[in-house]
2 protein chains.
Amino acid sequence: MNQKQLQSEQTKRKIAEAARALFVQKGYKATSIEEIVAATGSSKGNIYYHFKSKEGLFLHLLEEWDREWELNWEQNEHLYKTTTEKLYAVAEQLAADDLNHPLTKAADEFFHNEEKTSEVESRMAEMKVKHLAFNQNLLQEGIDRGEFMPGDAERLAVVLEAIFFGANQLSRRLNPEKTTLLYRDAVTVFLNGVATDKQAKER
Amino acid sequence: MNQKQLQSEQTKRKIAEAARALFVQKGYKATSIEEIVAATGSSKGNIYYHFKSKEGLFLHLLEEWDREWELNWEQNEHLYKTTTEKLYAVAEQLAADDLNHPLTKAADEFFHNEEKTSEVESRMAEMKVKHLAFNQNLLQEGIDRGEFMPGDAERLAVVLEAIFFGANQLSRRLNPEKTTLLYRDAVTVFLNGVATDKQAKER
DNA sequence: ATATATACCGAACGTTCAGTCAGTATTGTA
DNA sequence: TACAATACTGACTGAACGTTCGGTATATAT
């Protein structure tokens, strides 16, 4: 890799980082290319040289983030013995993400903006599938270990995803302590439910 | 109420209905005032005569919807004896809403658009408080009746809200059957959890 | 030294869109 | 009938914003 390529990559990273900061601060739509230009010192044209579009830039950030999350998890998974512990750890990590890395806010907004390139659409679908697969794996592991009731891990994976998704949304107006609490409560409920009477289970 | 006022009210309703159809179809941002104009036959100025702004118009629809939902619930609540049944009924109604009345999609989008009048902000906060209070009531009732484990109904209300919120989001790309299933699974998990070992509860 | 590809610049473009306003039509009232 | 209030019109405004494109600078290869 020669000097030019190196410089180029640095620039690209610089743009990405500035963009991330702005997206985090102001959300997706409210962040204009002009502002990213102002923050980087780079030019508008250059941004479009490195990234196909605003969407493309944002997607790049999301994928980067996803990679980091996964890496982080892989490094820490061995710390937790039972699947139950792992579930709580996941909740903890997600809550922390909510707090420290609020690209989530921009991400939600982005996910809800209706006009998307078909390419973006498919890359987003990929990410979602990966999340569900992650959940499903974890749940299946818990079932196999006898920690969780035997059940359809695939369906439960969707429920778990819904819970995390919802917690994420609601946490937006919560303070840090309440956010952590919400995630933890959510997992506890997921694990144990609230019913006293187990007959209802067969409904 | 004289003829003029009557006519005026009809016009207002006509605008609201056309707007609802469009918001449902295309989402909040993607629906332009021009399109509402085209759909109503009314003029742009007239819309602004009847509604303060696009936001105001949308909020009007949301509040109308909320009122209908509540009314509908009040009429049907007596059909369900136990709180558990009520919870499932709520899930059913929410799932049906998701399917038949997908103003939800536009609503989510709207909720995530960051720039809002302070008035809109506060009216939204009101709605949220009402939802949580509704959940809390229901849960407290369940606890009092001995159906649910004693616990902090307020905290659980947030968890329940998160679950419904998340289910709503995920259902966006699901077909009707899977949507209904998701809501039902979510409530079942909420009620019973997935853990076999109850010791974890004290974590 | 020259040629070429890569990296970068920024003014201009085209479009979108919520909101305004000066004016007109219609209905109610004195 | 005259006056006033309410209901309605639609051309226009002004600002925002993503994207493009003709052009320049710089490093590498020949």
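Here the structure is a predicted model, which means the values were calculated and not measured. Just so it is clear: chains get the letters A, B, ... in the order the sequence lines come, proteins before strands, and each one is counted from 1.
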Pair B:Q140-B:D144, side-chain donor/acceptor within less than 3.5 Å:
yes
Start with the C-alpha gap between B:S43 and B:Y49, add the side-chain angles, then the distance that decides, and say whether side-chain hydrogen bond (donor to acceptor under 3.5 Å, both in side chains) holds.
CA-CA 10 Å; B:S43 73; B:Y49 177 78; over 6 Å; no
Report the residue (A:S32 or B:T11) whose heavy-atom-nearest nucleotide on DNA chain D is the more 5′ of the two.
B:T11
A cation-pi test, strictly: NZ or CZ of B:K54 under 6.0 Å from the centre of the six-membered ring of B:Y28 and no more than 45 degrees from its axis. Yes or no?
yes
Quick test of your reading of the model: are A:E92 and A:R184 salt-bridged, counting only N-O distances below 4.0 Å?
yes
Quick one: do the B:E35 and B:S32 side chains pair a donor with an acceptor below 3.5 Å?
yes
In this structure, how many angstroms lie between the C1' atom of D:dC8 and the CD atom of B:E9, rounded?
17 Å
May I ask you to evaluate whether B:S42 reaches the phosphate of D:dT9, defined as a side-chain N or O under 4.0 Å from OP1 or OP2?
yes
More than 12 heavy atoms from other groups under 6.0 Å of CD on A:E154:
no
Close side-chain approach of A:K12 and A:F51, heavy atoms under 4.5 Å
yes
Mind running a 4.0 Å heavy-atom check of residues 43-57 of chain A against DNA chain C and sending the residues that fall below it, in number order?
A:S43, A:K44, A:G45, A:N46, A:Y49, A:H50
For B:A91, give me all partners under side-chain contact (heavy atoms from CB on, under 4.5 Å), at least two apart in sequence or on another chain.
B:F164, B:Y183, B:V187
Counted 5' to 3', the first and last nucleotides of DNA chain C within 4.0 Å (strictly under) of a heavy-atom of chain A are C:dA5 to C:dA12
How many whole angstroms separate atom CD of B:Q7 from atom C1' of D:dA5?
16 Å
